[in-house]
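Everything on this sheet refers to the single structure shown next.
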Amino acid sequence: MEPDEERGAALQDEALPSRPTVGDVLLAIEELWPESLAEEWDAVGLVAGRPDREVSTIVFAVDPSEAVLDDAIEMGADLIVAHHPLMLKPVNSVAASRPKGAAVHRLIEAGCALVTVHTNGDSAVGGVSDVLADAFGLTNVQPLASAADGLPEEGIGRVGDLPEVTSLGDFAELVFGLLPAVAGGMRVAGDRHGLVRRVAVCGGAGDSLFEQVRASQADVYVTADLRHHPALEAREAAVNGRPYLIDVSHFGSEWLWLTPAAAALSNVLADQQFTVDVRVSTVNSDPWDFVLTPGG
């Protein structure tokens, strides 16, 4: 090949988009949401897929449900980043006759990898609870439960202050308006006219953190999946009615994280000179379809 032809071929190669491999994306994910921040009981990381396979489209989702997988694969996803694990507990079969096995087969047959970013995505800076705290306008934000092996600002849950005192009713309306609409709506425990400023948040199920919430002196606690007994005990242990409780959708509380998480991963990959399309699934994987209420 002549020198001019070699130069032209080199320029042509430089112009071609550089696609990351699944392994490259895993390194970027580790930079943003280190596996060391995951809880001991959790199952995070690569679930299915070849590390050397190229990736052109990544889709973020809360749940690796059947509908989410179908939607992502239809979008041409080579890799799905799901917040919730597909298989949190060990299994001894991935037969396609079972839902989890069918999901594994669907991914493999479509050539689509699956990565889980769960409690490491909760704990890291810019994680699920940080996104909630930002959405609510909180300042002086700190973790509710500090990470054992992380930075001071890393850990599960967050607590911070509203810019000004407001009523529980007005704050609850703010929360309701920010989260995606789900059939179950939102439940609130406390005096609608009670004043709040210090707010604790935990995306996903957070009724294991009541001790930390009380220690933080939060006026209100926003989380999901509040069970009857822990919530009742928290109300009975309340001082001057506080902390008030706001019980939101598990899906909704974590869905807000997807867009900033997708942007963060896209930025890291772009800094490494990779070109990839990063999207957010619009599938609502909240499990409920309708709710009955008194007089409703």
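Predicted model only: the values in this text are computed from it and were never measured.
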Whether the side chain of [X] engages the backbone of [Y] through a donor-acceptor N/O pair (distance < 3.5 Å, no angle test) should be reported.
{"X": "Asp286", "Y": "Trp288", "answer": "yes"}
{"X": "Ser167", "Y": "Asp170", "answer": "yes"}
{"X": "Asp78", "Y": "Thr57", "answer": "yes"}
{"X": "Arg197", "Y": "Leu162", "answer": "yes"}
{"X": "Tyr221", "Y": "Cys202", "answer": "no"}
{"X": "Ser123", "Y": "Glu154", "answer": "no"}
{"X": "Arg158", "Y": "Gly155", "answer": "yes"}
{"X": "Thr223", "Y": "Gly204", "answer": "yes"}
{"X": "Arg19", "Y": "Thr275", "answer": "yes"}
{"X": "Asn120", "Y": "Trp33", "answer": "yes"}

Taking the side chain as every heavy atom from C-beta outward, state whether [X] and [Y] have any pair of such atoms under 4.5 Å apart.
{"X": "Ser56", "Y": "Asp277", "value": "no"}
{"X": "Lys100", "Y": "Val91", "value": "no"}
{"X": "Ile58", "Y": "Val81", "value": "yes"}
{"X": "Met75", "Y": "Arg279", "value": "yes"}
{"X": "Leu46", "Y": "Pro51", "value": "yes"}
{"X": "Val141", "Y": "Val159", "value": "no"}
{"X": "Leu195", "Y": "Thr166", "value": "no"}

side-chain contact (heavy atoms from CB on, under 4.5 Å) evaluation trace for Val201 with Val199: CA-CA 7 Å; Val201 302; Val199 179; 3.9 Å; yes
For a quick check under 3.5 Å, do [X] and [Y] share a side-chain donor-acceptor pair by atom type?
{"X": "Asp24", "Y": "Thr21", "result": "yes"}
{"X": "Thr119", "Y": "Asp42", "result": "yes"}
{"X": "Glu39", "Y": "His118", "result": "no"}

Report whether [X] and [Y] are members of the same hydrophobic cluster (ILVMFWY, side-chain heavy atoms less than 4.5 Å apart, transitive linking).
{"X": "Leu86", "Y": "Val44", "result": "no"}
{"X": "Ile246", "Y": "Ile156", "result": "no"}
{"X": "Val220", "Y": "Leu209", "result": "no"}
{"X": "Val117", "Y": "Leu258", "result": "yes"}
{"X": "Trp257", "Y": "Val182", "result": "yes"}

The single option from Val222, Val175, Leu179, Leu138 passing side chain to side chain contact (heavy atoms under 4.5 Å, CB included) against Leu132: Leu179
Which atoms form the tightest heavy-atom contact between [X] and [Y], and what is the distance?
{"X": "Ala72", "Y": "Ile80", "answer": "CB-CD1, 3.6 Å"}
{"X": "Arg214", "Y": "Ala234", "answer": "NH1-CA, 4.1 Å"}
{"X": "Ala61", "Y": "Ser281", "answer": "CB-CB, 3.9 Å"}

His250 and His83 aromatic centres sub-6.0 Å: no
Please say whether more than 12 non-hydrogen atoms of neighbouring residues, nucleotides or ligands are located less than 6.0 Å from [atom1] in [X].
{"X": "Gln217", "atom1": "CD", "value": "no"}
{"X": "Glu30", "atom1": "CD", "value": "yes"}
{"X": "Asp271", "atom1": "CG", "value": "yes"}
{"X": "Asp52", "atom1": "CG", "value": "yes"}

From CA spacing to verdict: side-chain contact (heavy atoms from CB on, under 4.5 Å), Phe251, Asn284: CA-CA 8 Å; Phe251 161 81; Asn284 184 337; 3.3 Å; yes
SB check Arg106 Asp70 (cutoff 4.0 Å): yes
Pairs flagged by ring pair (Phe, Tyr, Trp, His ring centres under 6.0 Å) wherever residues 144-172 is involved - sequence neighbours left out: Phe136-Phe171
Partners passing side-chain hydrogen bond (donor to acceptor under 3.5 Å, both in side chains) against Arg227 (at least two apart in sequence or in another chain): Asp207
Steps toward side-chain contact (heavy atoms from CB on, under 4.5 Å) verdict (Gln272, Leu269): CA-CA 5 Å; Gln272 297 171 358; Leu269 292 172; 4.2 Å; yes
Residue pairs fulfilling salt bridge (charged side-chain N to carboxylate O under 4.0 Å, His left out) with at least one residue in residues 229-246, sequence neighbours excluded: Asp219-Arg242
side-chain contact (heavy atoms from CB on, under 4.5 Å) between Val25 and Val115, intermediate numbers included: CA-CA 10 Å; Val25 178; Val115 177; 6.0 Å; no
